[in-house]
Amino acid sequence: MTKPRALTVTRPDLPPLEDFLPYLQEIWDSRVLSNGGPFHQRLERALCAHLGVPQVSLFANATLALVTALQALRVGGEVITTPYSFVATAHSLMWNGIRPVFVDIDPQTLNLDPAQVEAAITPQTTAIMPIHCYGTPCDVDGIRRIADNYDLKVIYDAAHAFGVQRLEQGVPRSVLNHGDLSVLSFHATKVFNTFEGGAIISPDARTKQRIDHLKNFGFVDETTVVATGINGKMSEFNAALGLLQLGRVDAAIRRRGEIDALYRTLLADLPGLRLLPRPADATPNHSYFAVLVDEGFGTSRDEVYRALRAQDILARRYFYPLISDFPMYRGLPSAAPDRLPVARRVASQVLCLPIFPAMDDDDVRRVAQAVRAQAAGARPRVAVPAGATALSLAA
Ligand SMILES: *Cc1c(COP(=O)(O)O)cnc(C)c1O
């Protein structure tokens, strides 16, 4: 197999095809293709054990899972959320007729800032929908305190947070145990993929049962429908692949960690290039490697982005534009540009560099070198005569 020349921001990790064939044979033999079949049940149990969470409901994708999570908790009115995310976060609110209220993010974690959340609460607020951006845990304690005080639900968009743990009283625990519900994505581009897929993590069997009814049209049995449910079910094909992928994901995250460490070494001393701090007291999953290109770099983020593209290094600007700048959101009062200064600045500076388990160290060096070459200091300077001023040079 030849190595593709282009370095995309991510490349899905897949098992050898022959390892998947016995699973396919089983599906062909049983003719059970969907509707909570044996692979679906096995993957739900395996994920509970692997992640250390009480209940998992598999979905066809995370977007349907987010829409269903809001239904399950009967959330309405206004929900406080972040503009610095993938559009599906806010779209899931709109699909439920809920008004998103955007608040600004913390400049260090890029996650919702609890103080700003509290300041945005109105009598219509029913819930908070934060994301653990790039897998960095939110200030879950701060968010819980606010939710408890104001009796709000918390639904975490945990699409980036597969396998992320926090140290709690010295014990590592899944970050997915926080909030009323957490939603995972198993899309092709994520750390753990089932081609397409997602899940809701819930705290108890009763909540899981309600969610499982909602993802199957509201059916409880052959003739009873208890809710206007949707078809959100994961197929047996995706679930079987997930079982196989679960055996690979720890090694994949380990390799991502090595790549992260190498990038940090190679890019550490570049003026104007900010690396996000490693999350304190958390085991990250290295799902993204984001850098912030500020004025001190001497070259704009978009120039760096274009220069990398020209060398077949397909870094991505996650998250630019802000969700609040898309046409269906920009008319909202909370979307006003001056209310989201941190998110706006970060969106103009961020670049996510390629990171995926199949990258070798030379790939990482190639990317780091291409970034370094864009730093103003790295380019030949125009000789400036002694005593010259900006004005005299411009004249
Ligand atoms: C990928 C992603 C989603 C959507 O996941 P799908 O499984 O593709 O529906 C939602 N939110 C965030 C933050 C994501 O990164």
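Each ligand, and each atom within it, is numbered from 1 in the order the structure gives.
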When you measure from [atom] to every protein heavy atom, which one gives the shortest distance, and what is it?
atom: atom 3 (C) of ligand 1; value: Phe86 CD2, 3.6 Å
atom: atom 2 (C) of ligand 1; value: Lys190 NZ, 3.0 Å
atom: atom 11 (N) of ligand 1; value: Asp157 OD2, 2.7 Å

Next item on the list: Report the part of Ala88 (side chain from C-beta onward, or backbone N, CA, C, O) that has a heavy atom under 4.0 Å from ligand 1; answer both or neither where that applies.
Entry: side chain

Check: At a 4.0 Å cut-off, with the gap strictly under it, does some heavy atom of Cys133 reach an atom of ligand 1?
Finding: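 Flag not set, Cys133 not near ligand 1.
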
Notebook entry, point to check: Is there a heavy atom of Gly198 sitting under 4.0 angstrom from any atom of ligand 1?
Noted result: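 Not so, Gly198 does not reach ligand 1.
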
Next item on the list: Using the six-membered ring wherever Trp is involved, compare the ring planes of Phe186 and Phe162 and label them parallel, tilted or perpendicular (cut-offs 30° and 60°).
Entry: perpendicular

Next item on the list: Hey, can you tell me if His160 and Phe319 have their rings parallel, tilted or perpendicular (30° and 60° cut-offs)?
Entry: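 His160 and Phe319: parallel rings.
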
Basic-acidic side-chain contact under 4.0 Å: [X], [Y]:
X: Asp362; Y: Arg366; result: no
X: Asp204; Y: Arg210; result: no
X: Arg306; Y: Glu303; result: no

Note to self: Going by salt bridge (charged side-chain N to carboxylate O under 4.0 Å, His left out), Arg166 matches just one of Asp281, Asp139, Asp141. Which one?
What the structure shows: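 Between Arg166 and the candidates, salt bridge (charged side-chain N to carboxylate O under 4.0 Å, His left out) is satisfied uniquely by Asp141.
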
Notebook entry, point to check: For ligand 1, which atoms, with element, lie under 4.0 Å from some heavy atom of Thr63?
Noted result: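 Checking each atom against Thr63, I get 4 (C), 6 (P), 9 (O).
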
Notebook entry, point to check: Looking at Ser85, which atoms of ligand 1 are within less than 4.0 Å of one of its heavy atoms?
Noted result: 13 (C)

Item checked: Shortest heavy-atom approach to atom 14 (C) of ligand 1 - which of Ala159, Ala188, Ala199 ->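 Going through Ala159, Ala188, Ala199 one by one, Ala159 has the nearest heavy atom to atom 14 (C) of ligand 1.
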
Margin query: Using a 3.5 Å cut-off on N or O atoms only, is His187 in polar contact with ligand 1?
Written below: no

